[in-house]
Amino acid sequence: MLKVELLESFIAVAETGNMSKAADRVCRTQSALSLQIKKLEESVGQSLLERDNRGTTLTEAGEKLLNYAYKMVQLNSQALDDLKDTDTKQIIRLGVPTDYVKWYLESGLIEFIREFTNLALVIDTDVSGNLFKRLQNGEFDAIIATHWHPQPHGDLLFERRFVWAAAKNGNAHNRSTVPMALYPENCPIRAQVFANHNISMRPINVLLSTPSPQALCMAVEDDLVIAPIAEFRISDKMRVLDAAEHKLPPLPMFNESFYINPASETKALEQLRALLKANISKMVIDPS
């Protein structure tokens, strides 16, 4: 008989390719995890992993078992969920910045949904300024939001630098009235552009207002506008402008943090916080 507990550990090793990372994921010591894998190999009568200095890879038998492992773990979770009173299922209401929802889904939220099948994760998106207000109004149990200053009750995930970007060989940045693309109202990046603009700088003409970073980048690359772009999104079709040289508002460093509504503090939210922080390394790389 294949025990679900052993299969869950095997999946963790297969997905991380590393015994140490897998042990952290399943909250066991590396030696305990190795013993579980050994028991599983004894149960199937075949070697499932190949180990070297770079980590672990699956053998042919391991690849075959992995497909069954996913199905068996999923069926086990579904069975437990179906036997529970659906009225008691806990709901977590999470707010995420519109421009980074795909990133966070790939950097921990999908894993959280898969691991905690007894929870219903309801995700809504908005600009960070609105997310803060909605958290205070009790619409969310937790949010991920951006600000230029650390806010009360925030748990820093990482800092993000924004720069002024223009088309590589364009002229939009040289116009007497600067054509700009910005995130919508109540976005902290937009707020800082206007807060730091003064009369010695050229006037601003907002031609595009959108929550989509892809739309901002396309408008910049086509030389329609300049825009404050996250540093990691700068492409080879863009150039970075020095704010002082081009008389543009300086852009501060922005922090992205996890905020929990004090009235909603639960063990599940703490687990979500821990999972997001464990995946920080994935968040500093462009997921596209």
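Here the structure is a predicted model, which is why all the values come from computation and not from measurement.
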Would you find more than 12 non-hydrogen atoms of other residues, nucleotides or ligands less than 6.0 Å from [X] atom [atom1]?
X      : atom1 : value
Arg175 : CZ    : yes
Tyr68  : OH    : no
Glu42  : CD    : yes

Do Ser212 and Thr210 pass the side chain to side chain donor-acceptor pair (under 3.5 Å) test, and can you show the C-alpha distance, the side-chain angles, and the key distance before you say yes or no?
CA-CA 5 Å; Ser212 167; Thr210 175; 4.6 Å; no

Will you find, in the side chains of Glu221 and Ser235, an N or O donor that is under 3.5 Å from an N or O acceptor?
yes

If only side-chain N and O atoms count, and only distance matters, is there a donor-acceptor pair under 3.5 Å linking Thr16 with Asn18?
no

Exam field: side chain [X] to backbone [Y], donor-acceptor pair closer than 3.5 Å:
X      : Y      : answer
Asn196 : Pro250 : yes
Asp155 : Phe258 : no
Arg190 : Tyr183 : yes
Glu41  : Leu48  : yes
His173 : Asp223 : no
Asp222 : Leu224 : no
Thr98  : Asp126 : yes
Arg239 : Gly170 : no
Asp141 : Arg93  : yes
Asp52  : Gly55  : yes

To the nearest 0.5 Å, what is the distance between CD (Glu139) and CZ (Arg134)?
4.5 Å

Starting at CG of Asn261, measure out to CD of Gln136 and round the result to the nearest 0.5 Å.
9.5 Å

I need the single residue from Leu207, Val225, Leu216, Val206 that forms a side-chain contact (heavy atoms from CB on, under 4.5 Å) with Leu182. Which is it?
Val206

Given the side-chain rings of Phe140 and Tyr259, with only the six-membered ring counted for Trp, is the space between their centroids under 6.0 Å?
no

Kindly indicate, with the supporting measurements, whether the criterion side chain to side chain contact (heavy atoms under 4.5 Å, CB included) is fulfilled by Glu15 and Lys21.
CA-CA 10 Å; Glu15 290 184 343; Lys21 291 180 180 179; over 6 Å; no

